[in-house]
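Please read the structure below before turning to the comments.
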Amino acid sequence: MNIILFFLWMVPSLLYAQNKSIDSLRWKSDLSLSGIYQAGNVETKIFRASTNFTIKTYKQWVFETKNSYVYQEFGKTKADEDILSLNFLNFNPTKKLYPLMLSFISTNYRREIDLRYLIGVGVSYRIVDKEDHSLIFSLSTELEHTEFGRSTFNKTEYNGDASIRTFRGTFWVNGTYELIAEKLIVSNETYYQPSLSLDNNYRWQSNTSLHFPIWDFLDINITYLYTYENVVIEGQKPEDRFLTFGFTVKSY
């Protein structure tokens, strides 16, 4: 059911952006799919979908939403089913320095995160803005609330309460670089997110992709995602790694 809801949520935006004759600077959207299926002695299913959708709203305000869904199953036993939604409202993002508002919503089956949400504000600084190369640094602060499925953690001071609420600071780095003109593009999004009041409560994530354009609206991609959380349910490892192969359909 979750995967059906996810596609109902993200696909109409992609199709709308493709079917309308709209300035690509005003509307941008893409959909990436990747996965593995193996049957026989061992049955394995791995599926990952993500979408990015950007629209220029009031005057120079730009709304951006990034949504992803991950499902993994080994031997008919579910290992992961995660949803992540990152939403940004950028004010005058064509300038070198501009403010933003953000909100996150996520779930994580393996980490037993029933619901996590953040809301905050920040500022971005555009270091490089060229046709074949871009680099943006951002700094933000958020209020986070996380509901776990259990109340026993690898850090015993958190035991007894299945929810954790804290203020966080986040440092972001976003960049793209065209290594070979119209043949190979590298993109990376990395963030480090410590609690502002809990010294041992921090996390970081890095998502690096290689894009190989095939046609104007289609790329083949290889993506490596690394995540680390210092506070997890007891018995779980703090890090996860994903290496996936797939394709991206774009409206621009």
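Scope of the values below: all heavy atoms of this structure, side chains included, with no hydrogens, waters or symmetry mates.
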Side chains of Ser32 and Asn221: closer than 4.5 Å at any heavy-atom pair? yes

Distance from Trp215 atom CH2 to Ile220 atom CD1, nearest 0.5 Å? 8.5 Å

With heavy-atom distances below 4.5 Å as the criterion, would you say the side chains of Phe104 and Arg116 are in contact? no

Any non-hydrogen side-chain atom of Leu102 less than 4.5 Å from a side-chain atom of Leu86? no

Between Ser140 and Glu142, does any side-chain donor sit less than 3.5 Å from a side-chain acceptor? yes

Side chain Asn92, main chain Tyr98, donor-acceptor under 3.5 Å: no

Ignoring hydrogens and angles, tell me if any N or O in the side chain of Gln236 forms a donor-acceptor pair with the backbone of Arg110 under 3.5 Å. yes

Any side-chain heavy-atom pair from Arg168 and Arg203 closer than 4.5 angstrom? yes

Please check if any side-chain donor atom of Thr208 sits under 3.5 Å from a side-chain acceptor atom of Asn188, or the reverse. yes

State, to 0.1 Å, how close Leu198 and Ser195 come at their nearest heavy-atom pair, and which atoms those are. N-OG, 2.9 Å

Check whether the side chains of Thr190 and Ser206 place a donor and an acceptor atom closer than 3.5 Å, and report yes or no. yes

Closest approach of Pro213 to Asp219 (non-hydrogen atoms, all atoms of both residues): CA-OD1, 3.2 Å

NZ of Lys78: more than 12 outside heavy atoms within 6.0 angstrom? yes

Go through the side-chain N and O atoms of Ser187 and Thr176 and say whether any donor and acceptor fall under 3.5 Å apart. no

Please give me the minimum heavy-atom distance between Lys76 and Glu73, naming the atom from each residue. CA-OE2, 3.4 Å

For the pair Ile36 and Phe245, evaluate side chain to side chain contact (heavy atoms under 4.5 Å, CB included) and give the outcome as yes or no after the intermediate values. CA-CA 9 Å; Ile36 297 172; Phe245 304 84; 5.8 Å; no

Under 3.5 Å, side chain of Lys66 to main-chain N/O of Asn52, donor-acceptor pair present? no

Rounding to 0.5 Å, atoms CZ (Phe148) and CD1 (Ile233) come to a distance of 6.0 Å

Is there a side-chain contact between Leu89 and Trp61 (heavy atoms, below 4.5 Å)? yes

Would you call Pro99 and Val121 a side-chain contact if the rule is heavy atoms closer than 4.5 Å? no

About how many Å separate OH of Tyr69 and CG of Leu84, when rounded to the nearest 0.5 Å? 13.5 Å

Show your working on side-chain hydrogen bond (donor to acceptor under 3.5 Å, both in side chains) between Ser85 and Asn67 and close with a plain yes or no. CA-CA 4 Å; Ser85 178; Asn67 304 290; 2.7 Å; yes

Judged by atom type as modelled, is there a donor-acceptor pair below 3.5 Å linking the side chain of Asn159 to the main-chain atoms of Phe153? yes

Donor-acceptor check, side chain of Asn230 to backbone of Asn200, threshold 3.5 angstrom: yes or no? yes

Test item: Asp80 side-chain N/O and Tyr109 main-chain N/O as donor-acceptor pair under 3.5 Å: no

For Pro238 and Val232, which heavy atoms make the closest approach, and how far apart are they? CA-CG1, 4.2 Å

Is the closest side-chain donor-acceptor distance between Ser106 and Asp82 under 3.5 Å? no

Give, for atom CD1 of Ile127 and atom CD1 of Ile136, the distance between the pair rounded to the nearest 0.5 Å. 9.0 Å

I need the Leu97 CG to Arg126 CZ distance, nearest 0.5 Å. 11.0 Å

Determine whether more than 12 heavy atoms belonging to other residues, nucleotides or ligands lie under 6.0 Å from atom OH of Tyr228. yes

Donor-acceptor under 3.5 Å (Thr51 side chain, Asp30 main chain): yes

Check whether NZ of the Lys or CZ of the Arg Lys28 lies under 6.0 Å from the centre of the six-membered ring of Phe53 and within 45 degrees of that ring's axis. no

With side-chain hydrogen bond (donor to acceptor under 3.5 Å, both in side chains) as the test, would you mind laying out the steps for Gln193 and Thr170 before giving the verdict? CA-CA 4 Å; Gln193 199 168 55; Thr170 307; 3.0 Å; yes

Any side-chain heavy-atom pair of Arg111 and Thr227 under 4.5 Å: yes

Inter-residue atom distance Arg48.CZ - Thr244.OG1, 0.5 Å rounding: 5.0 Å

Any side-chain heavy atom of Phe47 sitting closer than 4.5 Å to one from Lys45? no

Val128 to His133 - nearest heavy-atom pair and separation: CG1-O, 3.6 Å

Does atom NZ of Lys155 have more than 12 heavy-atom neighbours from other groups under 6.0 Å away? yes

Quick one: closest heavy-atom pair of Val173 and Leu135, and the distance? CG1-CD1, 3.8 Å

Would you find more than 12 non-hydrogen atoms of other residues, nucleotides or ligands less than 6.0 Å from Glu182 atom CD? no

Please name the residue in the list Trp172, Tyr192, Tyr226, Phe171 that meets the ring-ring contact (aromatic ring centres under 6.0 Å, His included) test with Trp204. Tyr226

